[in-house]
Amino acid sequence: MARDPVSRPLSFVSVQSLVDAVGQPPIVSDAVLIDQDMIDRFAQVTLDRQWIHVDQARAQAESPYGDTIAHGFLALSLLTHWQTSCIAFPGAAMLLNYGFDKVRFTAPVLCGSRVAASFSLAQVVETGPGAARCAWKVAVQAEGAPRPSVHADWLIMVRYGSP
């Protein structure tokens, strides 16, 4: 799922440019290292200190994964970062996370993994002049992993022009 590091984010400058991108191949983000420090900071913020995430000694001894794993919600929370690393909306007056129609955590993200996301535009619904609701199929995958860790149907509202 590697992306050419010199490539620029793919720009969507209008609702029509979004409509034209429906069904095109996935856009792949830059990778992010998810290490124990990131996992621990996420656990602190969310108050989710379950041992499989934060106790490396116990996870190495008792976990079927042999190490700590990232919280599923940690991987999900990185979607905005991953999206902005590979997709731009120049001229948009507003972008709004509208939620998810579906989220599945299908494989663990092992501590120390480099993880990226791919975004496929599945649907664009015009909601008004210069405005649309976009449905993105997202897959989050650690480098070298046999399958994605997260599958999500993510909805983003976009409005072009002046607010």
What are the two closest heavy atoms between [X] and [Y], and how far apart are they?
| X | Y | answer |
| --- | --- | --- |
| Gly66 | Gln60 | O-CG, 3.3 Å |
| His53 | Gln36 | O-NE2, 2.9 Å |
| Val15 | Gly130 | CG2-C, 3.6 Å |
| Leu33 | Met38 | O-CE, 3.6 Å |

Between [atom1] of [X] and [atom2] of [Y], what distance do you get to the nearest 0.5 Å?
| X | Y | atom1 | atom2 | answer |
| --- | --- | --- | --- | --- |
| Ser118 | Trp136 | OG | CH2 | 11.0 Å |
| Ser149 | Ile34 | OG | CD1 | 8.0 Å |
| Cys86 | Ile27 | SG | CD1 | 6.0 Å |

Under 3.5 Å, side chain of [X] to main-chain N/O of [Y], donor-acceptor pair present?
| X | Y | value |
| --- | --- | --- |
| Thr46 | Phe42 | yes |
| Ser113 | Leu110 | yes |
| Ser85 | Asp30 | yes |
| Gln141 | Val150 | no |

Are [X] and [Y] connected, step by step, through hydrophobic side chains (Ile, Leu, Val, Met, Phe, Trp, Tyr) whose heavy atoms are closer than 4.5 Å?
| X | Y | value |
| --- | --- | --- |
| Leu10 | Leu18 | yes |
| Ile69 | Leu78 | no |
| Leu155 | Tyr160 | no |
| Val13 | Val19 | no |
| Phe73 | Val54 | no |

- [ ] Before giving the answer on side-chain contact (heavy atoms from CB on, under 4.5 Å), spell out for Phe89 and Gln83 the whole-Å C-alpha distance, their side-chain angles and the decisive distance to 0.1 Å.
- [x] CA-CA 11 Å; Phe89 299 88; Gln83 186 186 50; 4.2 Å; yes
Between [Y] and [X], is there a side-chain heavy-atom distance shorter than 4.5 Å?
| X | Y | value |
| --- | --- | --- |
| Val28 | Trp82 | no |
| Val140 | Leu79 | yes |
| Cys111 | Ile39 | yes |
| Ile87 | Pro9 | no |
| Tyr65 | Ile52 | yes |
| His71 | Val109 | no |
| Val32 | His81 | yes |

Side-chain atoms of residues 119-129: list all donor-acceptor pairs with protein atoms under 3.5 Å, sequence neighbours left out, distances to 0.1 Å.
none

Open item on the list: Looking at Gln16, I'd like to know if its CD atom is crowded, meaning that more than 12 non-hydrogen atoms belonging to other residues, nucleotides or ligands lie closer than 6.0 Å.
Closed with: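 Atom CD in Gln16 is packed in, count exceeds 12.
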Task: Intermediate values then yes/no, side-chain contact (heavy atoms from CB on, under 4.5 Å), Glu143 and Val115 - done: CA-CA 6 Å; Glu143 291 177 351; Val115 183; over 6 Å; no
- [ ] Report the C-alpha distance between Cys134 and Phe12 in whole Å, list the side-chain angles of each, state the deciding distance to 0.1 Å, and finish with yes or no for side-chain contact (heavy atoms from CB on, under 4.5 Å).
- [x] CA-CA 12 Å; Cys134 304; Phe12 295 100; over 6 Å; no
Anything under 3.5 Å between a donor and an acceptor, one on a side chain of residues 92-108, the other on a protein residue two or more places apart or in another chain? List them.
from	atom 1	to	atom 2	distance (Å)
Asn97	OD1	Gly99	N	2.9
Asn97	OD1	Trp154	NE1	3.1
Thr106	OG1	Pro148	O	2.7

